[in-house]
A.B. asks: 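The structure under discussion is supplied below as structure tokens; questions concerning it will follow.
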4 protein chains.
Amino acid sequence: MGKTDENKLLKRNALLNAAYELFTGKGIHKTSISDIVERSGIAKGTFYLYFLDKYDLRNKLIVHKAGELFIQAEKALENTNYTVLEDRIVFFVEYIVDYLTENKTLLAFLTKNLSWGIFKEHLGKQTQMTEEGEIDFQWVLKTIFEQSPQKFKDPELMIYMIIEFVGSTVYSAILYQEPVDIQTLKPYLIRTVRFMIQDQEIIL
Amino acid sequence: MGKTDENKLLKRNALLNAAYELFTGKGIHKTSISDIVERSGIAKGTFYLYFLDKYDLRNKLIVHKAGELFIQAEKALENTNYTVLEDRIVFFVEYIVDYLTENKTLLAFLTKNLSWGIFKEHLGKQTQMTEEGEIDFQWVLKTIFEQSPQKFKDPELMIYMIIEFVGSTVYSAILYQEPVDIQTLKPYLIRTVRFMIQDQEIIL
Amino acid sequence: MGKTDENKLLKRNALLNAAYELFTGKGIHKTSISDIVERSGIAKGTFYLYFLDKYDLRNKLIVHKAGELFIQAEKALENTNYTVLEDRIVFFVEYIVDYLTENKTLLAFLTKNLSWGIFKEHLGKQTQMTEEGEIDFQWVLKTIFEQSPQKFKDPELMIYMIIEFVGSTVYSAILYQEPVDIQTLKPYLIRTVRFMIQDQEIIL
Amino acid sequence: MGKTDENKLLKRNALLNAAYELFTGKGIHKTSISDIVERSGIAKGTFYLYFLDKYDLRNKLIVHKAGELFIQAEKALENTNYTVLEDRIVFFVEYIVDYLTENKTLLAFLTKNLSWGIFKEHLGKQTQMTEEGEIDFQWVLKTIFEQSPQKFKDPELMIYMIIEFVGSTVYSAILYQEPVDIQTLKPYLIRTVRFMIQDQEIIL
DNA sequence: GATGAATGAGCCTTCATTCAT
DNA sequence: GATGAATGAAGGCTCATTCAT
């Protein structure tokens, strides 16, 4: 990587980090581009060399943050001995719920911004840069389902329902303990997720 | 009601209606107060006699629209013979899903704005004016659960999970047929809702 | 006084009092007519039955407050045995300085608003309603100078210089003890006032 | 000075000049920021790059204008042979009175806005840029009093009384010839100033 | 006389975006 | 590529004043 390219990456990251702090701190709508460049110590005009506008930056930030989280969960999963797909999915869900319970800022950012649309479009299609290389989520998911001895009627629908259910349900419980705290919610959550999976399973 | 009060109600409704059209049309953030008063044919200053700002209006609009919808579903439910609570809830959910399928504008408005917080705070505590009188949702729900022979571990949690699950899941299916269309989704939806209820049921 | 007239006076006074509190509290420019009528519990439209606008009210308030103060000082003077005009003026000045030292709100209001122009126009020409009747300051001053055995080159100029000097000098000393406190300032003040008087005196 | 810095100074001065004309023309409260930028031919947003608001601009304008005047009076004083401090002060006062008599706009602006507080805070502490360099008024005054063979009880109080007396007294006389014109007032003014000085002088 | 809902002109301020340096 | 001063459209909001009741 040349010195120029390195410098470019530094600038880009400075903008992303400043934006993440501001978005989670006072919300995206009260964050101006002036705020972002001021906090990152970069000139205003430079912003436009890296992003189209505030929302372009946000989208890239979501993909970045959600990708990191999924990669971590994936790695953790690989260190387990779970082989049954249902167990693997439940582990994955639990890992993410626990992680978000520890990291409320990330939770707030993701639930306000992550949608199935963005998930499919970016996390699914694009490849993710990791330290070990790249991950293609679409491909990973496909592989997982193909390799599994259990078969499902509509895997994508199943994933969709789980993501939406967990995502929408977890937010208020973690942040406000409303209507119950996350520890109380979790057993119901897990059981429901297991039901969703079994409901889709094709019994041979 | 005096002529003045009548006129005030007219103005308030004109603002609410104009705002609803604009919010659903181009989104709340691209809708300015100028837009709202212009469309409703009311002077700008008058806006501030009825609402604190755009977001105050939005909150009142959500409560109004969601209230209407719930009252309708409630009425329809009363015309059925369902007595088992599980069946009543499922009917309620199906009614709302069907209604939102027909009325995509309302769907878009509600799913983008309705949260458990607003539901609890407004729909729960305040009473709703209807043509036949007022409805206190908190009280209605409480009564329903008390009168039911079936008992549940945590009724509020159950309602919460159902609302969040249905609300988050239905949006993309109805509007974009993604990942599947609503008719495909519905059976899974209903089965999962039934599971959630049974999972909370106390077996005597 | 009829019941209607009585009511009118009540309303007028309510407005004057509310305005005085607001003007001294947050300044005239940050006080709106809405503020005044709200605090006085009177309808907005009614304001315009009594005053042309905020500044009309202010002028009437100044005349009212300054008049009260001068009448008090005048009364106190009559209870003394001072006969020499110089002594009488000095007593008058000291009385007012002491009074304003005790009543900083009035001081702030008057020094920010009272000018020679208003003094001449209103306190001089108009008559003041008191409990014992009316006082015409112009006439009082004229009489005082005519009755005095001491004669002065230009009595009006003398009064002007004393008022402006004392008025401008006393404010910062009382309120902020800057550059010195009022007790330190007073001897110099008095001596200078005496000089101003002597400088105008015609020695026969 | 680079081209950019030069341009910035031009913009700033254009705003200051436009504001001065408007403030003296129709008063600060009837002058809007829109008026100022319109007259100076500068975009509205640019105003906020240089000043916080209308009042921030006014304060900087007062300091600027009063500073100019004092520097001129100081220069004129240096061209005289007056050595006795009393004579030097009297010359200074007369110079300023004469100057303001010729320049009624400046008079109106300064008497409405200049106060002892601003004088102390800005003219006293900060240094003034002149063509020949900078002047520190605090230091100049201190030096003058230290070098003078005559000593005074409280030099600051003396200056305060003179400034307030002259400032408050001169306005109406110059602008409205009320209660007398400035030429009639001047002898009394000067005599009183001389008295104030002598009254503070320490006779050895 | 009294009311207060309604008005709409006009203010301050922010901000995404541009472009000369 | 990087900068940041300049722009001006657009938004939120206030408020003196009017007038039908």
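Letters A, B, ... mirror the listed sequences (proteins, then strands); counts begin at 1.
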A.B. asks: Could you tell me the separation between the NZ atom of Lys26(C) and the C1' atom of dT14(F), rounded to a whole number of Å?
C.D. replies: 12 Å
A.B. asks: Paired with dA20(E): which nucleotide, if any, by Watson-Crick or G-U wobble criteria at under 3.5 Å for both distances?
C.D. replies: dT3(F)
A.B. asks: Rounding to an integer number of Å, can you tell me how far Asp56(B) CG sits from dG12(F) C1'?
C.D. replies: 14 Å
A.B. asks: Leu49(C) has a side chain; which of dA5(E), dT3(E), dT14(F) sits nearest to it?
C.D. replies: dT3(E)
A.B. asks: Between dG12(F), dA6(F), dT14(E), which nucleotide has the shortest distance from any of its atoms to the side chain of Ser32(B)?
C.D. replies: dG12(F)
A.B. asks: Name the residue closer to the 5' end of DNA chain F, choosing between His29(C) and Lys30(B) according to the nucleotide with the nearest heavy atom.
C.D. replies: Lys30(B)
A.B. asks: Step through the shown structure and confirm whether more than 12 heavy atoms of other residues, nucleotides or ligands are within 6.0 Å of NZ on Lys60(C).
C.D. replies: yes
A.B. asks: What nucleotide among dT7(F), dT17(F), dA2(F) has an atom nearest to a side-chain atom of Thr46(D)?
C.D. replies: dT7(F)
A.B. asks: Of all the heavy-atom pairs spanning Ala18(A) and Ile36(A), show the shortest one and how long it is.
C.D. replies: CB-O, 3.8 Å
A.B. asks: Rounded off to whole Å, could you give me the CG-to-C1' distance for the Leu57(B) and dG12(F) pair?
C.D. replies: 14 Å
A.B. asks: So, is the end of the Lys65(A) side chain (NZ or CZ) under 6.0 Å from the ring centre of Tyr20(A) and within 45° of the ring's axis?
C.D. replies: yes
A.B. asks: Over 60° means perpendicular and under 30° means parallel, so tell me whether Tyr176(D) and Tyr171(D) are parallel, tilted or perpendicular.
C.D. replies: perpendicular
A.B. asks: Base, sugar-phosphate alone, or nothing: which one does Tyr55(C) contact when heavy atoms must sit under 4.0 Å apart?
C.D. replies: nothing
A.B. asks: Looking at dG12(F), dT13(E), dA2(F), which one has an atom nearest to any side-chain atom of Tyr50(A)?
C.D. replies: dA2(F)
A.B. asks: Starting from the 5' end of DNA chain E, give me the residue, Phe47(C) or Lys54(A), whose nearest nucleotide shows up first.
C.D. replies: Phe47(C)
A.B. asks: Which nucleotide in the set dA2(E), dT7(E), dC12(E) lies at the smallest distance from any side-chain heavy atom of Lys11(B)?
C.D. replies: dT7(E)
A.B. asks: Within this structure, what is the CG-to-C1' distance between Leu15(A) and dA2(F), rounded to whole angstrom?
C.D. replies: 12 Å
A.B. asks: From dA10(F), dT14(F), dT3(E), pick the nucleotide closest to the side chain of Lys44(D)?
C.D. replies: dA10(F)
A.B. asks: Rounded to the Å, how far apart are Phe51(D) CZ and dT13(E) P?
C.D. replies: 14 Å
A.B. asks: Please state how far atom CD1 in Ile33(C) lies from atom C1' in dA2(E), giving the value in whole angstrom units.
C.D. replies: 16 Å
A.B. asks: Looking across every strand, which nucleic acid part, if any, lies under 4.0 Å from Tyr48(C) by heavy atom: base, sugar-phosphate, or nothing?
C.D. replies: base
A.B. asks: Considering only side-chain heavy atoms of Lys8(D), which listed nucleotide, dC13(F), dA6(F), dT3(E), is closest?
C.D. replies: dA6(F)
A.B. asks: Looking at dA6(E), I'd like to know if its phosphate oxygens (OP1 or OP2) sit under 4.0 Å from a side-chain N or O belonging to Asn7(B).
C.D. replies: yes
A.B. asks: Can you tell me how far P of dT3(E) sits from CD1 of Ile36(C), to the nearest Å?
C.D. replies: 16 Å
A.B. asks: As a quick check of understanding, evaluate side chain to side chain contact (heavy atoms under 4.5 Å, CB included) for Ile62(B) and Phe109(B), giving each step before the final call.
C.D. replies: CA-CA 8 Å; Ile62(B) 293 166; Phe109(B) 178 69; 3.8 Å; yes
A.B. asks: Name the residue closer to the 5' end of DNA chain F, choosing between Gly45(B) and Gly41(D) according to the nucleotide with the nearest heavy atom.
C.D. replies: Gly41(D)
A.B. asks: In whole Å, what is the span from the CG atom of Asp53(C) to the P atom of dT18(F)?
C.D. replies: 11 Å
A.B. asks: Verify salt bridge (Lys or Arg N to Asp or Glu O under 4.0 Å) between Asp35(B) and Arg39(B), making sure each step is shown before the conclusion.
C.D. replies: CA-CA 6 Å; Asp35(B) 292 338; Arg39(B) 177 178 277 245; over 6 Å; no
